[in-house]
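In what follows, every heavy atom counts, from backbone to side chain, and hydrogens, waters and symmetry copies are set aside.
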Amino acid sequence: MKMGEKSVKAKIIKRVKGLLAIAKDEADDEECQSAFLLAQKLMIQYHIDQSEITDEMSDSISHRAVTVYKKLFWWEKELAGVISRNFRVKHFYSSKYVNKEDGQRKSCIKFYGLESDMELAKEMFILADDAMMFFYKDFIELYKKEYGTYKIADVKNSYLQGFIFGLNQAFEKQKAQFKQMSNELMVLTEIPQVVVEAWEEYSQEMGEVSTDLPPIEVVVAFEEGRNQASKTDFTLHRIA
């Protein structure tokens, strides 16, 4: 690489680091997401390796609550699994007693990983949850006009399962595209080895938790949810 090229690359690396710093700022959600996407594009265009932007960046491993302590719904747990698998973090549930006398407990979802990754993963979880409920409410109004309130609970469960299924498909497709485009970009979608190793030790005392999914009783609702998730762009803005 010539001296001039090195100078240009150094400036681009500085620009990428600046964009990632913006992406870690919670002050402006849309700006954060745009900065992260632009940083990815610059890394591809100028063949910048992940190590070139992380060697000087302080990014500790920690955990962060994604929800408040409450009764967790099955779809929140499923959604957390989808986000964690696609945004470089692990997830787990933390519980505490509300009333020790009667044994009442509340739980919250937490992400575990690098600080910068948790920022994006948390934002995507909130964004996807907002979108899912927004589109479900639209769909259920149309359903009621057509069928009344028949099997409303089953309709909701089926729609939400379809949406989460479609969301996972969309993210998996994106990861496959990243892999074809650039090995450097593919690294950005994989959990860092340092996090994998730290998680093995951190999670030693954790028990296995399984989520019982309700049966898919209304196929048309499942398909509507899946189709909506597959065509929703979660990188643009939060659903109002």
Side-chain angles (χ1 to χ4, degrees), residues 20 22-33 35-37 59-98 104-137 156-157 160-161 163-172 174-175 188-192 194-196 198-203 205-213 225 229 232-240:
L20 293 176
I22 293 173
K24 292 168 66 176
D25 185 1
E26 294 182 336
D28 187 330
D29 294 333
E30 186 172 351
E31 182 183 5
C32 292
Q33 293 166 33
F36 182 79
L37 292 174
D59 205 355
S60 60
I61 298 174
S62 184
H63 57 79
R64 178 170 300 187
V66 183
T67 68
V68 297
Y69 281 92
K70 65 186 192 67
K71 176 185 177 181
L72 294 176
F73 296 104
W74 67 262
W75 60 82
E76 293 173 310
K77 297 177 182 179
E78 283 296 293
L79 180 58
V82 169
I83 298 300
S84 66
R85 287 193 298 272
N86 290 282
F87 288 89
R88 292 165 49 98
V89 298
K90 296 289 188 178
H91 79 285
F92 64 100
Y93 311 119
S94 174
S95 299
K96 67 178 182 180
Y97 283 105
V98 178
Q104 287 187 346
R105 298 170 68 91
K106 290 186 177 181
S107 302
C108 78
I109 297 171
K110 289 189 175 184
F111 284 152
Y112 178 93
L114 297 178
E115 285 285 349
S116 58
D117 291 332
M118 284 192 296
E119 292 283 353
L120 181 61
K122 180 177 180 179
E123 175 61 27
M124 290 305 300
F125 176 89
I126 295 172
L127 188 67
D129 187 58
D130 286 351
M132 182 166 61
M133 292 306 167
F134 175 85
F135 291 121
Y136 163 71
K137 289 177 182 177
K156 180 175 184 178
N157 287 331
L160 297 185
Q161 280 208 60
F163 194 97
I164 293 172
F165 182 83
L167 183 67
N168 188 62
Q169 282 187 318
F171 286 146
E172 288 294 336
Q174 176 178 274
K175 286 174 66 175
L188 291 177
T189 67
E190 297 176 339
I191 297 179
V194 65
V195 174
V196 173
W199 173 253
E200 288 180 0
E201 181 177 353
Y202 184 80
S203 62
E205 303 299 321
M206 295 183 184
E208 293 291 331
V209 178
S210 60
T211 303
D212 294 325
L213 299 180
T232 301
D233 189 346
F234 293 94
T235 66
L236 296 180
H237 54 79
R238 182 169 300 195
I239 301 299

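Note that the CE atom of Met118 and the OG atom of Ser60 stand 7.0 Å from one another [nearest 0.5 Å]. In this structure, CD on Gln161 lies 13.0 Å from NZ on Lys156, to the nearest 0.5 angstrom. Atom NZ in Lys96 sits 10.5 Å away from atom OG in Ser107 (nearest 0.5 Å). Summarising the geometry, atom CG belonging to Leu213 is positioned 10.5 Å from atom NZ belonging to Lys77; distances are rounded to the nearest 0.5 Å. Residue Met132 holds its CE atom at 10.0 Å from CD of Glu78, rounded to the nearest 0.5 Å.
No more than 12 heavy atoms of other residues, nucleotides or ligands lie within 6.0 Å of NZ in Lys106, so this atom counts as exposed by the packing criterion.
You'll find the side chain of Phe135 reaches within 4.5 Å of the side chain of Phe163, heavy atoms only. Between Arg64 and Glu119, some side-chain heavy-atom pair lies under the 4.5 Å cut-off. Looking only at side-chain heavy atoms (C-beta outward), Arg88 and Val195 stay at 4.5 Å or farther from each other. Taking 4.5 Å as the limit, every side-chain heavy atom of Val89 sits out of range of all side-chain heavy atoms of Ile191. Proximity of Met133 to Leu160: side-chain heavy atoms (C-beta onward) are separated by under 4.5 Å at one or more points. In this structure, the side chains of Asp212 and Trp74 stay at 4.5 Å or more apart for every pair of heavy atoms. At least one side-chain heavy atom of Leu79 sits under 4.5 Å from a side-chain heavy atom of Leu167. Within the 4.5 Å cutoff, the side chain of His91 has no heavy atoms near those of the Ile83 side chain.
For an aromatic pair to be called close, the ring centres must be under 6.0 Å apart, and Phe171 with Phe87 satisfies this.
For Tyr112 and Ser84, the side-chain atoms include no donor-acceptor pair closer than 3.5 Å.
Across all their heavy atoms, Lys110 and Ser94 have their closest contact at CE-CB, 3.9 Å. In terms of heavy-atom proximity, Gly166 sits nearest to Ala229 at C-CB, 3.8 Å.
Classification of the Trp75-Phe73 ring pair by plane angle, with boundaries at 30° and 60°, yields parallel. Ring geometry for Phe111 against Phe125 counts as perpendicular: the plane angle is over 60°, on a 0 to 90° scale with 30° as the lower cut.
A donor-acceptor distance shorter than 3.5 angstrom exists from the side chain of Thr67 to the backbone of Ile109, with no hydrogens or angles considered.
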Next item on the list: For His63 and Tyr202, run side-chain contact (heavy atoms from CB on, under 4.5 Å): C-alpha distance rounded to whole Å, both residues' side-chain angles, the deciding distance at 0.1 Å, then the answer.
Entry: CA-CA 10 Å; His63 57 79; Tyr202 184 80; 3.2 Å; yes
